[in-house]
Every structure is written in structure tokens, then in C-alpha cells.
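All values reported here derive from a predicted model rather than from experimental measurement.
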Amino acid sequence: HEVRTAVSGSDAIREGKNFSPDLLISDWRLKGGSDGAEVARTLKKEYPNLQIIFVSGMPVQELMLEASDLVVSKFVEKPCDLDVVLSSVE
């Protein structure tokens with residue numbers, strides 16, 4: 001697997017457009033003006049098969065409502081167990 005990281009939402013969008021990702025793992029709240037949902041929506045338009053995993057300290061039910069237009073593979077609540085994230089990737 002090839003992994004790319006970004007320090008902000010706008011960097012994630014730029015990196016994603018240059019990288020053609022299969023999977024996005026993102027926090028819901030990001031620096032740089034774009035939140036995780038905006039990053040996911042933007043990249044999903046470019047890559048319809050993109051799988052999405054959100055990590056957040058917000059309640060999952062709240063995230064599910066806010067991301068109802070996205071097909072999200074998994075919501076992981078913080079603090080999160082790395083094994084949960086890894087099993088979601090597999």
C-alpha cells in the first residue's frame with residue numbers, strides 16, 4: 001500500500017487529486033478551511049469507488065446525519081483502537 005498524508009483539508013484535496021486514492025481515512029474536523037466531509041465529497045466526485053473511513057470525537061449518530069449523502073465505509077470514535085482502524089482497512 002502507498003500512503004499519503006496531509007496537514008489540512010485543502011492539502012488533502014490537493015494530494016488526493018494528484019494521487020488517485022482507493023481509501024480516505026480522515027478526521028471529521030480538519031485545519032485549513034475544509035472539513036473531512038468536504039474532502040470526502042470532493043474526492044468522491046473524482047473517484048466514485050473511493051472508500052471512506054472517518055475518525056472523530058463526535059458522536060457517530062451526529063456524523064451519520066451530517067454525512068448522509070456520502071457512502072461511508074466506517075465511522076470510528078476517538079479515542080480509537082488502532083486494531084479497529086486496521087480491521088476497517090482490511
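The shortest heavy-atom contact between Gly9 and Val39 is O-CG2, 3.5 Å. Considering every non-hydrogen atom in both Tyr47 and Gly16, the closest pair reads OH-O, 3.2 Å. Pairing each heavy atom of Asn49 with each of Lys44, the nearest pair is C-NZ, 4.3 Å. Contact between Ser26 and Gly36 at its shortest, heavy atoms only, is OG-CA, 3.7 Å.
Taking the side chain as every heavy atom from C-beta outward, Thr42 and Lys17 approach each other to under 4.5 Å. Side-chain contact between Leu50 and Pro21: present, with at least one pair of heavy atoms (C-beta onward) separated by less than 4.5 Å. Between Leu70 and Arg41 there is a side-chain heavy-atom pair separated by less than 4.5 Å. Contact annotation: the side chain of Val89 approaches that of Ile25 to within less than 4.5 Å [non-hydrogen atoms, C-beta and beyond]. A heavy-atom distance below 4.5 Å is not found between the side chains of Ser56 and Phe75.
Phe19 and Ile53 fall into different hydrophobic clusters, defined by Ile, Leu, Val, Met, Phe, Trp and Tyr side-chain heavy atoms under 4.5 Å apart, directly or through other members. By the rule that hydrophobic residues join a cluster once side-chain heavy atoms approach within less than 4.5 Å of another member, Leu23 and Val76 end up as members of one cluster. Under the 4.5 Å side-chain heavy-atom criterion for Ile, Leu, Val, Met, Phe, Trp and Tyr, Met64 and Phe54 are members of the same hydrophobic cluster.
Note that CG of Leu30 is 9.5 Å distant from CD of Glu38, once rounded to the nearest 0.5 Å. Distance CG/Leu43 to OG/Ser20: 10.0 Å, rounded to 0.5 Å. Rounded to the nearest 0.5 Å, atoms OG (Ser8) and CZ (Arg14) are 6.5 Å apart. Taking CG from Leu24 and CD from Glu15, the interatomic distance works out to 12.0 Å, rounded to the nearest 0.5 Å. A distance of 9.5 Å separates OG of Ser87 from CG of Leu82, quoted to the nearest 0.5 Å.
Under the 4.0 Å criterion applied to side-chain N and carboxylate O atoms, Lys78 and Asp27 are assigned as salt-bridge partners.
Dense packing is recorded around CZ of Arg4, with more than 12 heavy atoms of other residues, nucleotides or ligands lying under 6.0 Å away. Enclosure of atom NZ in Lys74 is not indicated, since only 12 or fewer non-hydrogen atoms of other residues, nucleotides or ligands lie within 6.0 angstrom.
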